[in-house]
2 protein chains.
Amino acid sequence: MERSEISKAAYLRFPVYLRYLKAEAAAGVEYVSSSEIAEDMHLSAVCVRKDLALVASEPGKPRLGFAVEKLICDLERALGYHLKTHACVVGAGRLGRAFLVYDGFEHYGIDVVAAFDISPAQVGALSGKPIYPMERLKEIAERERVKLGILTVPGDAAQAACDAMVEAGITAILSFAPAYVRVPEGVTLRCEDLAATLASLISEAGEHH
Amino acid sequence: MERSEISKAAYLRFPVYLRYLKAEAAAGVEYVSSSEIAEDMHLSAVCVRKDLALVASEPGKPRLGFAVEKLICDLERALGYHLKTHACVVGAGRLGRAFLVYDGFEHYGIDVVAAFDISPAQVGALSGKPIYPMERLKEIAERERVKLGILTVPGDAAQAACDAMVEAGITAILSFAPAYVRVPEGVTLRCEDLAATLASLISEAGEHH
DNA sequence: TAGGAATCGATAAAAAAATATCGATTGAGG
DNA sequence: CCTCAATCGATATTTTTTTATCGATTCCTA
């Protein structure tokens, strides 16, 4: 993949550019310059130019800037949104069910096909998406070629659930469980600590004087 | 605040250390060395030592390492979890309601006091937490000294809701709305694009060969 | 049609962060 | 009680990321 040349930090900015550009496109803007983007997004213009140079399929035009629609396509391609991936939710609590029925994933090439829960009370379906008992995780995940798992169980159940996901062949896990979990080599784990994110936001805001 | 000397990247690692240490503490471990942490967390030992040196109130002991309990306290203090902050949820959909009743925030010094929604159908309460109509946002936020807002509305309502939050005196916003929103100077905004996070996870995992 | 203003992209410099190296310290084992 | 092995913390180096500078390009306007 040629993306290895793209810096990690830049990669994290891409989704933000994408949203910005979509907002501009919706407003009827055809061309946008690095300087404009930089100003609106509170970034340095040079940084924006460098980032865009990494993904833009055709160079920006002096005096005009970049074609918005074109840039959106380039970004989506660079981000891999044109690829289709099956995902599942493990832990059908409030948060898990929110993910299960959230319809915003499809634009990103992600299809949440099912949820799993250890409690029989949760088993059933929600908005047409099935909720299975945990025992069927491996069977369904293999059948549906699920490679991505969203972990939304209580902290004390996190490690066991995580192990089950790995066992089921899931290779990328996004965990919202408030616990430290280990995964074997070859499995990508990202932990989203919502409370910690909030807390860091507070201290960031506190620095604004 | 003396935290300005702490690197941004290190600050992001602190919550992960904290979780790890709590897991160790729960397992009865009293002392832990940088090398152990590094190995378990897939980091460089030097990096861990440097990070811990930033927060540890007393130096680590050669041959033993750091006192786990002590380190937990130091990290929590550095992260500001001992301060109390009031937060509110704007948008009482599935995701918003999940945040409203989530009981994991208190350990981080965050108290979610209420939710707001534009739809009268959502108004009421959930697990003792009130859900008010949007019109009362300013009144309640000011009364309860709410400085932190969690934005969980549909994309097309995001900017308006965000403006209302700013108007109500909220200075830090964590947005889960799939849209690009602008905030005035002095307001801290963090966007959590769940779908984009998932998508980035996929491509990260895809690089593992 | 020609000048000018603003943008681009490339190269270079600066800043930040991660990693490596090394002597000093200290608890454990003989 | 003394040696050994492992850890710490500090300094130095490398790598990564961001910011600055500058000539070339090209679209708008007169």
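Convention: sequence-line order gives letters A, B, ...; per-chain numbering from 1.
Considering only side-chain N and O atoms, B:Arg49 lies under 4.0 angstrom from the phosphate OP1 or OP2 of D:dC8. Distances shown here put every side-chain N or O of A:Ser34 at or beyond 4.0 Å from the OP1 or OP2 atom of C:dT7.
Rounded to an integer number of Å, the gap from CG of B:Leu12 to P of C:dA17 is 10 Å. Summarising the geometry, the separation between CG on A:Leu54 and C1' on C:dG9 is reported as 12 Å, rounded to the nearest angstrom. Rounded to a whole Å, the CD atom of A:Glu30 is 15 Å from the C1' atom of D:dC27. Taking atom CD on B:Glu36 and atom C1' on D:dC8, their separation rounds to 14 Å, with Å as the unit. At whole-Å resolution of the value, CG in B:Leu52 and C1' in D:dA10 are 16 Å apart.
Listed by chain and residue number, nothing satisfies the ring pair (Phe, Tyr, Trp, His ring centres under 6.0 Å) test with A:Tyr17 (two or more places apart in sequence, or in another chain). Applying the side chain to side chain donor-acceptor pair (under 3.5 Å) rule to A:Tyr81 yields no partners; only residues at least two apart in sequence or on another chain are considered. B:Glu39 is linked by a salt bridge (charged side-chain N to carboxylate O under 4.0 Å, His left out) to nothing, counting only residues two or more places apart in sequence or in another chain. With sequence neighbours excluded, the residues forming a salt bridge (charged side-chain N to carboxylate O under 4.0 Å, His left out) with A:Asp51 are A:Arg13, listed by chain and number. With sequence neighbours excluded, the residues forming a salt bridge (charged side-chain N to carboxylate O under 4.0 Å, His left out) with B:Glu167 are B:Lys138, listed by chain and number.
The stretch residues 186-195 of chain B participates, sequence neighbours left out, in these salt bridge (Lys or Arg N to Asp or Glu O under 4.0 Å) pairs: A:Arg19-B:Asp193, A:Glu204-B:Arg190.
No side-chain heavy atom of B:Arg94 sits less than 4.5 Å from a side-chain heavy atom of A:Arg94.
A heavy-atom distance below 4.0 Å to DNA chain D is reached by these residues of residues 57-64 of chain A, ordered by number: A:Lys61, A:Pro62, A:Arg63, A:Leu64. If you check residues 17-29 of chain A against DNA chain D, you find no residue with a heavy atom closer than 4.0 Å.
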Got a list of side-chain donor-acceptor pairs under 3.5 Å for residues 82-91 of chain A, not counting sequence neighbours?
residue : atom : partner  : partner atom : Å
A:His86 : ND1  : A:Glu144 : O            : 2.7

Under 3.5 Å donor-acceptor pairs involving side-chain atoms of residues 54-75 of chain B, not counting sequence neighbours:
residue : atom : partner : partner atom : Å
B:Ser57 : OG   : B:Asp74 : OD1          : 3.1
B:Ser57 : OG   : B:Asp74 : OD2          : 3.0
B:Lys61 : NZ   : B:Tyr31 : OH           : 3.4
B:Asp74 : OD2  : B:Ser57 : N            : 2.9

Pairs of donor and acceptor atoms involving the side chains of residues 20-30 of chain A, under 3.5 Å and at least two apart or interchain, shall be tabulated with distances.
residue : atom : partner : partner atom : Å
A:Tyr20 : OH   : A:Asp40 : OD2          : 2.4
A:Lys22 : NZ   : A:Glu76 : OE2          : 3.1

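Across all strands shown, B:Tyr31 has no heavy atoms under 4.0 Å from either base or sugar-phosphate atoms.
No donor-acceptor pair under 3.5 Å is formed between the side chain of B:Ser127 and the backbone N or O of B:Lys129.
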Write down the protein N/O and nucleotide N/O pairs, taken from nucleotides 15-20 of chain D, whose separation is under 3.5 Å; answer none if there are no such pairs.
residue : atom : partner : partner atom : Å
D:dT18  : OP1  : A:Arg13 : NH1          : 2.9
D:dT18  : OP2  : A:Arg13 : NH2          : 3.2

